[in-house]
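Here is how names work: the chains are called A, B, and so on, in the same order as the sequence lines, proteins then strands, and each is numbered from 1.
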2 protein chains.
Amino acid sequence: MRDIAREVGMEAASLYNHISSKQLLLKELLLEIAQLFTEGMKVINSQDLPSFEKLAALIRLHVDITVSHTDAISLLPSEWVHLEEPSLQAFIKLKDAYEKEFKAIITLAMKEGQLKELDPELTLFSILSTLRWLYSWYSKYSSKDIDRLKEGLIVSLLHGIKT
Amino acid sequence: MRDIAREVGMEAASLYNHISSKQLLLKELLLEIAQLFTEGMKVINSQDLPSFEKLAALIRLHVDITVSHTDAISLLPSEWVHLEEPSLQAFIKLKDAYEKEFKAIITLAMKEGQLKELDPELTLFSILSTLRWLYSWYSKYSSKDIDRLKEGLIVSLLHGIKT
DNA sequence: CCTTAAAACTAACGATTGTTAGTTTAAAGC
DNA sequence: GCTTTAAACTAACAATCGTTAGTTTTAAGG
């Protein structure tokens, strides 16, 4: 809390005029981001798209959220375990639901012959790992290149890199 | 330190008969793993293999180290930033060298027409992200399925998932 | 100008952190 | 059986943690 206070130019105690606890601060940051993904998934799933295109849209969603919320999203992979109940359960619920829907799209795409018939779990894991680590890396792309990054990821993650 | 002590069944102070500081504990864990990757890369690079096969070998290397050192490797992605000098510089040096060699193999594979001519940096990032997150996920595979996991990853990451 | 309310401050609390000092226990070698 | 040494213990330290209480400053409205 003293680090945060220094960063915003006040004393640690003064933070408590704005936020009631450190734990609540973490919760608000993480659940806000989780909501963004949940809503993005909802929008994409409501559209009448081929499942392969839904996967491409999900990749673009991750890039967009990463670019617009880089700081908060850098906490997501490692810090959510420090949430306390009931926030922890709420977060896990959103996370599990998101991954379940993501996997359902992958499975459907495989059934429809748009993807190779591989292990859907491994495929999900492989795509999500890359998208979750984006924040630590995307800064090498200028804001103008974000679209190129999106399409590059779609090729890498979906079409494959082998000739 | 008290948590670690409880886990090994002794008092926190007793740990100092075996290790001189918490910081040194972190350093030994992380640098040992970093060495494993560095040596693995050296072995693979010394072999006379097509660059595409070197990439497959690197994927197998990551799976092997993840399986054999799961606990220590789970610290690698997020905790290395807490290393103090000079260990921090030593670690970064190994990390940078590893990524540089990995990228060189990717670039060569592209030049030789074994991979599509994509952004090598993005390709590296995409592969490494997945391999670095393996630890949080591979436990769903039984020890007999490790070979299947390796080959599944090679397909996903290199050959691509699209039909 | 005076009042009021938001938001900063200082000072300190109890808990926890990594670590040290000094002591006791356990096991091995002569 | 005595000595020695490794490795456990208890007790406590200084520093840092999140947080609270009480006070002062700042700025807006009547």
Side-chain angles (χ1 to χ4, degrees), chain A residues 1-37 65 68-95 132-133 135-136, chain B residues 1-37 65 68-95 132-133 135-136:
Chain A
M1 296 302 276
R2 284 167 174 93
D3 288 345
I4 294 174
R6 178 165 24 80
E7 209 71 24
V8 282
M10 59 174 72
E11 292 298 316
S14 309
L15 289 173
Y16 288 82
N17 289 316
H18 305 275
I19 195 89
S20 63
S21 74
K22 181 186 161 190
Q23 180 66 211
L24 188 67
L25 200 56
L26 182 67
K27 178 205 143 192
E28 301 220 338
L29 278 168
L30 294 188
L31 283 182
E32 184 202 330
I33 299 293
Q35 283 294 346
L36 285 179
F37 281 108
I65 295 179
S68 60
H69 297 74
T70 312
D71 290 339
I73 219 169
S74 69
L75 305 175
L76 215 52
S78 52
E79 303 299 323
W80 66 268
V81 294
H82 299 117
L83 284 170
E84 293 171 359
E85 302 298 356
S87 306
L88 179 59
Q89 281 308 314
F91 180 88
I92 291 177
K93 197 174 166 185
L94 289 176
K95 177 174 174 286
R132 284 173 177 165
W133 271 98
Y135 75 92
S136 70
Chain B
M1 296 304 275
R2 284 166 174 93
D3 288 345
I4 294 173
R6 179 165 23 82
E7 210 72 24
V8 281
M10 59 173 72
E11 291 298 315
S14 309
L15 291 173
Y16 288 82
N17 288 317
H18 305 274
I19 195 88
S20 64
S21 73
K22 180 185 161 191
Q23 180 65 213
L24 188 67
L25 200 55
L26 182 67
K27 178 207 143 191
E28 301 221 338
L29 278 168
L30 295 187
L31 282 184
E32 183 202 333
I33 299 292
Q35 283 294 347
L36 285 180
F37 281 107
I65 295 179
S68 59
H69 297 74
T70 312
D71 289 339
I73 218 170
S74 69
L75 304 175
L76 213 54
S78 52
E79 303 300 322
W80 65 268
V81 294
H82 299 117
L83 285 170
E84 292 171 358
E85 302 298 357
S87 306
L88 179 59
Q89 282 307 314
F91 180 87
I92 291 177
K93 196 174 167 186
L94 289 176
K95 178 175 175 284
R132 284 172 176 166
W133 271 99
Y135 75 92
S136 70

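Residues B/Leu88 and B/Trp80 meet the side-chain proximity criterion, which asks for heavy atoms closer than 4.5 Å. With contacts defined as side-chain heavy-atom distances shorter than 4.5 Å, the pair A/Leu31/A/Leu94 qualifies. Proximity of B/Leu15 to B/Val8: side-chain heavy atoms (C-beta onward) are separated by under 4.5 Å at one or more points.
For A/His69, the side chain to side chain donor-acceptor pair (under 3.5 Å) test picks out no residue, with sequence neighbours left out. With sequence neighbours excluded, the residues that form a side chain to side chain contact (heavy atoms under 4.5 Å, CB included) with B/Glu28 are B/Leu24. Residues satisfying the side chain to side chain contact (heavy atoms under 4.5 Å, CB included) test with B/Ile73, not counting sequence neighbours, are B/Ile33, B/Phe37, B/Ile65, B/Thr66, B/Leu76, B/Tyr135. With sequence neighbours excluded, the residues satisfying side chain to side chain donor-acceptor pair (under 3.5 Å) with A/Thr70 are A/Tyr138. Annotation: salt bridge (charged side-chain N to carboxylate O under 4.0 Å, His left out) contacts of A/Lys95 (sequence neighbours excluded): A/Glu99. Taking the side chain to side chain contact (heavy atoms under 4.5 Å, CB included) definition, one finds that B/Val81 meets it with nothing, sequence neighbours left out. Residues satisfying the side chain to side chain contact (heavy atoms under 4.5 Å, CB included) criterion with A/Gln23, sequence neighbours excluded, are A/Ser21, A/Leu83, A/Glu84.
Note that OG of B/Ser68 and CG of B/Leu36 are 7.0 Å apart. Values are rounded to the nearest 0.5 Å. A distance of 11.0 Å separates NE2 of A/His82 from CG of A/Leu30, quoted to the nearest 0.5 Å.
Residue pairs meeting the side chain to side chain donor-acceptor pair (under 3.5 Å) criterion with at least one partner in residues 6-18 of chain B, sequence neighbours excluded, are B/Asp3-B/Arg6.
Across residues 13-26 of chain B, B/Ala13, B/Ser14, B/Asn17, B/His18 each have a non-hydrogen atom less than 4.0 Å from an atom of DNA chain D (numbered order). Using a 4.0 Å cutoff on non-hydrogen atoms, no part of residues 81-88 of chain B comes near DNA chain D.
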Report all interatomic pairs (protein N or O, nucleotide N or O of nucleotides 26-29 of chain C) with separations under 3.5 Å.
none

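Atom P of nucleotide C/dA12 and atom CD of A/Glu11 are separated by 14 Å, given to the nearest angstrom. One interatomic measurement links the two molecules: CZ of B/Arg2 to C1' of C/dT20, which rounds to 12 Å at whole-angstrom precision.
Reading DNA chain D from its 5' end, the first and the last nucleotide to sit under 4.0 Å from a heavy atom of chain B are D/dA7 to D/dA12.
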